[in-house]
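Here the structure is a predicted model, which is why all the values come from computation and not from measurement.
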Amino acid sequence: MFGLGKKKKEDVYAAVTGVLIPLTEVSDPVLAQKMMGDGFAIKPKNGEIYAPVDGNITMIFPTKHAISIKTVQGLEVLVHMGFDTVEMDGRPFDVRISRNQKVKAGDLLANMNLKLVADSDHDTTIAVVYTNMALLKSFPEISAKNVTAKEMIGELNYK
């Protein structure tokens, strides 16, 4: 039937207000080398973290530093808050969603205490990673610029 197939395109939005940077510029070598997938990162100016896409919350890591969202198309999108913050055992994070919850792009996922993270000598950068890249034909090319949370940064094109 017409209209019941999966979407071929989807907008992706900034997860936080700050400076948008290519994933290759983050301090975490696993993410910078795209071992988990491609995407983008934002050096945050505040700690309000929003969903970059529509989908279903499939995982909230026990240490609250990462949240996984699965889109209707099956794309897994990892929102990773700070680097080496797993060592902080969830202290800087106030997660506002729950597993299996449906979210829309722009819904508040979590608040991250940037001062607590920075004072603990951890990087506050937020990474958004498309972990199953085989589903994508193309995704936004990223260059450094200021962005506002919930601002569209580009389009995901599915195969």
Point to revise | For Tyr13, the rest of its hydrophobic cluster, which grows through side-chain links under 4.5 angstrom | key: Met152
Using a 4.5 Å cut-off on heavy atoms from C-beta on, say whether the side chain of [Y] contacts that of [X].
{"X": "Pro44", "Y": "Leu114", "answer": "yes"}
{"X": "His80", "Y": "Ile126", "answer": "no"}
{"X": "Ile42", "Y": "Val19", "answer": "no"}
{"X": "Tyr158", "Y": "Leu136", "answer": "yes"}
{"X": "Leu135", "Y": "Gln73", "answer": "no"}
{"X": "Val79", "Y": "Ile49", "answer": "yes"}
{"X": "Thr124", "Y": "Lys43", "answer": "no"}
{"X": "Val12", "Y": "Pro140", "answer": "yes"}

Nearest-0.5 Å distance, [atom1] of residue [X] to [atom2] of residue [Y]:
{"X": "Lys102", "Y": "Asp54", "atom1": "NZ", "atom2": "CG", "result": "11.0 Å"}
{"X": "Met81", "Y": "Leu78", "atom1": "CE", "atom2": "CG", "result": "9.0 Å"}
{"X": "Arg99", "Y": "Asn56", "atom1": "CZ", "atom2": "CG", "result": "8.5 Å"}
{"X": "Lys8", "Y": "Leu156", "atom1": "NZ", "atom2": "CG", "result": "13.5 Å"}
{"X": "Tyr50", "Y": "Glu48", "atom1": "OH", "atom2": "CD", "result": "3.5 Å"}
{"X": "Ile67", "Y": "Arg96", "atom1": "CD1", "atom2": "CZ", "result": "11.5 Å"}

Review point. What about Ile60 and Leu75, same hydrophobic cluster or not, with Ile/Leu/Val/Met/Phe/Trp/Tyr joined at side-chain heavy-atom distances under 4.5 Å?
Key: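 In one cluster: yes.
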Exercise for review: Check whether Phe93 and Leu116 end up in the same hydrophobic cluster, where Ile, Leu, Val, Met, Phe, Trp and Tyr are linked by side-chain heavy atoms less than 4.5 Å apart.
Suggested key: yes
Closest approach of [X] to [Y] (non-hydrogen atoms, all atoms of both residues):
{"X": "Asp28", "Y": "Leu31", "value": "OD1-N, 3.0 Å"}
{"X": "Phe40", "Y": "Leu23", "value": "O-CD1, 3.8 Å"}
{"X": "Met88", "Y": "Ser120", "value": "CE-OG, 3.3 Å"}
{"X": "Ile69", "Y": "Ala51", "value": "CD1-CB, 4.1 Å"}

For [range], which residue pairs qualify under side-chain hydrogen bond (donor to acceptor under 3.5 Å, both in side chains), counting only residues two or more places apart or in two chains?
{"range": "residues 57-66", "result": "Thr58-Ser68, Thr58-Glu76, Thr63-His65"}
{"range": "residues 126-144", "result": "Ser138-Asn157"}
{"range": "residues 81-93", "result": "none"}

Practice item. Starting from the C-alpha separation in whole Å, work towards a yes-or-no answer on side-chain contact (heavy atoms from CB on, under 4.5 Å) for Met133 and Phe139. Key: CA-CA 9 Å; Met133 295 289 298; Phe139 50 92; 3.0 Å; yes
Practice item. Return yes if some donor-acceptor pair links the side-chain N/O of Glu25 with the main-chain N/O of Pro22 below 3.5 Å, else return no. Key: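 Checked: no pair found.
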**Study point:** Pairwise salt bridge (Lys or Arg N to Asp or Glu O under 4.0 Å) hits with a residue in residues 109-121, at least two apart
**Key:**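 Those involving residues 109-121 are Lys115-Asp119.
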Check your understanding: Can you list every pair that meets salt bridge (Lys or Arg N to Asp or Glu O under 4.0 Å) and has a residue in residues 31-41, with sequence neighbours left out?
Key -> Lys34-Asp38
Practice item. Evaluate the criterion side-chain contact (heavy atoms from CB on, under 4.5 Å) for residue pair Thr17 and Val147; output intermediate values, then yes/no. Key: CA-CA 6 Å; Thr17 296; Val147 292; over 6 Å; no
Practice item. Report the C-alpha distance between Ile142 and Ile21 in whole Å, list the side-chain angles of each, state the deciding distance to 0.1 Å, and finish with yes or no for side-chain contact (heavy atoms from CB on, under 4.5 Å). Key: CA-CA 6 Å; Ile142 302 299; Ile21 60 172; 5.7 Å; no
**Study point:** Trace of the side-chain contact (heavy atoms from CB on, under 4.5 Å) decision for Asn100 with Ile57
**Key:** CA-CA 5 Å; Asn100 296 320; Ile57 304 296; over 6 Å; no
